[in-house]
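A quick write-up on the structure given underneath.
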Amino acid sequence: MTRARHPPSNTEVANALREMSLFLEMDGVPFKPRAYEKAALAVEALDRPLAEIEAKQGLKGVDALPAVGKGIAERIVELLHTGRMRDLERLREATPIDVSGLTAVEGLGPKTAKILYEELGIRDVRALEKACREGRVRALPHCGEKTEQNILRGIAFLAGVGSRRPLGAVLPLAREIEGRLHEIAGVEQAAVAGSVRRRKETIGDLDFLVAARDPGKVAQAFASMPDVTHVYARGATKTLVRLANGMDADLRVVPAASFGAALLYFTGSKAHNVALRRIAQLEGLKLNEYGLFRDARRLAGRSEEEVYRALGLPFVPPELREDTGEIEAARAGRLPGLIEHGELRGDLQIQTDWTDGAASIEAMALAAKALGLEYIAITDHTRDLAMARGCDEAKLLEQAEAIRKLNRRLRGFRVFSGAEVNIREDGSLDVADEALAQLEVVGAAIHARFRQSKTQMTRRVLRAMENPHVDILFHPTARLIGRREAVALDVDAVIAAAKRTGTVLEIDAMPDRLDLRDEYVRKAVSAGVKLAIDSDAHDPSHLAYADEFGVAVARRGWARKVDVVNALPATRCLAQLKDARGRRRR
DNA sequence: GCCGTTTTCGGCCCGACTGTTTTCAGTCG
């Protein structure tokens with residue numbers, strides 16, 4: 001372990017805390033694992049670097065963070081100062097395995113990881129896969145052939161995700177690097193391109209584009225950024241590096257006259273570019289990253305708008321550039337007017353400290369108001385979710401009363417009562433209709449029994465949607481990007497049911513959910529189904545996800561403002577939800 | 001190890017599911 005050149009980032013600190021949690025769990029230590037895990041979550045939710053907090057306020061400042069007490073604060077400070085956490089190193093020595101990697105395999109926890117090491121000497125996923133294939137795992141206690149199959153399936157799933165990262169884990173870094181590029185002397189324009197700009201849900205690598213006269217100087221500055229760990233290539237206009245987070249980043253430097261054409265080219269998608277070049281070709285033109293040319297004469301290239309215009313097309317928003325009909329729509333003048341960032345007025349899925357959220361109802365309301373929202377719905381978990389100490393009917397109604405009281409004190413902001421009720425195995429709900437009838441916003445969601453057959457799962461979800469009290473289907477496919485596949489669900493049938501019953505479908509904007517995903521959003525929109533774009537916030541810092549990631553997914557799904565119920569003012573949003581209920585009761 | 005409108009000790013992490021078992025350990029949310 002080399003000494004860190006720079007103080008560890010919040011993500012690195014969180015990872016260390018999470019690894020502590022896994023090792024402690026492995027040894028059956030009570031309560032501490034949860035404490036470390038909560039601290040890791042809190043560290044990740046911070047909006048400024050721990051190193052900065054520690055530099056300004058010392059140990060006390062770290063200790064003052066939520067979920068961080070004296071013990072964990074001391075370990076964090078040790079890590080910040082020395083790049084090491086001795087307790088963690090001791091645990092690693094005692095059980096020298098890649099505990100994070102192994103437990104990333106679904107269904108495999110730290111206890112099993114330890115047995116695998118002690119009995120078979122397995123230290124990492126590669127050795128685990130080999131052992132499963134050779135049938136050696138089935139000999140272990142509580143393991144059988146099925147266990148091996150499940151582990152292999154889990155490993156295959158992880159491999160399929162590959163090195164792609166969720167957009168939410170990448171976008172902040174991409175912005176930071178983009179900002180740094182702007183600051184380099186001589187840089188006229190700078191932009192992040194590639195799939196980040198198209199807001200794809202997962203990102204393979206980062207592409208940056210700069211317009212500057214002195215490419216060498218920019219490349220030099222880029223390659224010597226603190227998070228660069230390796231420089232693969234540094235040419236006249238192209239620099240390729242490996243970043244500390246394991247991703248590759250690509251920088252291109254072009255003259256300003258080519259910036260638009262290059263941005264178009266490096267934003268992609270490849271298929272969109274191919275289609276554009278075909279159009280150019282038909283006109284006897286040539287489109288490349290330097291511009292749109294007739295022979296040697298450049299017709300366009302300074303901006304993307306200029307290039308599109310010269311091709312006889314309106315500007316196509318990056319989120320649509322997948323060659324899935326946007327070129328035809330653009331030619332026909334039928335591109336949708338996409339919902340814009342900043343157009344959401346409310347948030348219809350919020351958890352609080354009544355269940356597994358971190359903050360009070362009022363704190364969430366004030367944080368939402370500070371973001372410019374006009375209303376939120378409080379949708380805490382319900383009874384069946386024991387881990388979140390789910391609300392029963394009495395608690396929900398007590399909360400609704402607390403919300404009524406709060407609303408009397410809030411100025412220019414409205415809090416709706418609500419719930420995130422569980423859809424049970426048979427499609428019934430875990431809260432009685434009489435209680436749901438008294439809530440303003442009812443979302444229903446799947447939280448268990450994910451492996452039902454498609455037929456069963458679809459019947460289950462449809463039955464819940466038929467309940468006249470259910471306004472919104474929350475995170476409809478229950479996937480977790482990179483961790484859990486979507487449930488087997490006939491989404492077309494769900495969309496048809498949403499249309500019939502007036503149920504709103506949610507885009508859950510938590511970065512690891514983004515559920516509904518873009519392609520389903522597009523189907524829903526074209527079927528005339530209404531959407532809600534919600535943060536699913538468990539902490540005030542999550543509220544921004546709705547506008548950042550939820551709107552991005554909506555745009556990728558061709559959604560307009562009119563398709564989104566929480567782009568409406570509070571009373572009209574609620575009225576739309578209630579209209580839908582009314583239609584269904586008749 | 002953290003936390004506190006039950007406040008410096010004593011709770012917190014509970015129920016369901018899975019795959020293995022024959023009474024249960026491990027994992028998940």
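Proteins come first, then strands; the chains are lettered A, B, ... in the order of their sequence lines, and each starts at number 1.
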Using a cut-off of 4.0 Å on non-hydrogen atoms, how would the nucleic acid contact of [X] be classed: base, sugar-phosphate, or nothing?
X: A:Lys111; result: sugar-phosphate
X: A:Leu108; result: sugar-phosphate
X: A:Glu37; result: nothing
X: A:Arg424; result: nothing

Provide the distance between the two [atom1] atoms, one in [N] and one in [M], to the nearest whole Å.
N: B:dG19; M: B:dT8; atom1: C1'; answer: 44 Å
N: B:dC2; M: B:dC13; atom1: P; answer: 16 Å
N: B:dT20; M: B:dA25; atom1: C1'; answer: 9 Å
N: B:dT23; M: B:dT18; atom1: C1'; answer: 15 Å

Seminar exercise, completed: Residues A:Val137 and A:Cys143: closest non-hydrogen pair is O-CB, 3.4 Å
Exercise. When the ring planes of A:His538 and A:His381 are compared, do they come out parallel, tilted or perpendicular, using 30° and 60° as the limits?
Worked result: tilted
Exercise. In the strands shown, is B:dT8 matched to any nucleotide by a Watson-Crick or G-U wobble pair with both distances under 3.5 Å, and which?
Worked result: none
Tell me which nucleotide among [options] gets nearest to the side chain of [X].
X: A:Glu25; options: B:dG29, B:dC13, B:dG19; result: B:dC13
X: A:Arg75; options: B:dG19, B:dC17, B:dG1; result: B:dG1
X: A:Ala67; options: B:dC17, B:dC3, B:dG19; result: B:dC3
X: A:Lys146; options: B:dG19, B:dG26, B:dG1; result: B:dG19
X: A:Ile72; options: B:dG29, B:dC2, B:dG19; result: B:dC2
X: A:Pro110; options: B:dG19, B:dC17, B:dT27; result: B:dT27

May I ask you to evaluate whether [X] reaches the phosphate of [N], defined as a side-chain N or O under 4.0 Å from OP1 or OP2?
X: A:Arg449; N: B:dA16; result: no
X: A:Asn150; N: B:dT18; result: no
X: A:Thr112; N: B:dT27; result: yes

Between atom [atom1] in [X] and atom [atom2] in [N], what is the gap in whole Å?
X: A:Arg479; N: B:dG29; atom1: CZ; atom2: P; answer: 15 Å
X: A:Asp27; N: B:dG1; atom1: CG; atom2: C1'; answer: 16 Å
X: A:Lys38; N: B:dC2; atom1: NZ; atom2: P; answer: 11 Å
X: A:Leu480; N: B:dG29; atom1: CG; atom2: P; answer: 7 Å

Problem set entry | Row check, A:Phe450 ring normal vs A:Arg484 NZ/CZ: under 6.0 Å, within 45° | yes
For this session: Using heavy atoms to find the nearest nucleotide of DNA chain B for A:Asp63 and A:Gly144 separately, return the residue whose nucleotide is more 5′.
Result: A:Asp63
Seminar exercise, completed: 5'-most contact on DNA chain B (nearest-nucleotide basis), A:Gly107 vs A:Thr147, goes to A:Thr147
Problem set entry | Flag for A:Arg153-A:Asn150: side-chain donor and acceptor within less than 3.5 Å | yes
Exercise. Just checking, is any N or O donor in the side chain of A:Asp536 or A:His542 under 3.5 Å from an acceptor N or O on the other one?
Worked result: no
Exercise. Should A:Asp98 and A:Arg123 count as an ion pair when the cut-off is N to O under 4.0 Å?
Worked result: no
For this session: Compare the ring of A:Phe31 with the six-membered ring in the base of B:dC2 and state whether they stack (centres under 5.5 Å, planes under 30°).
Result: no
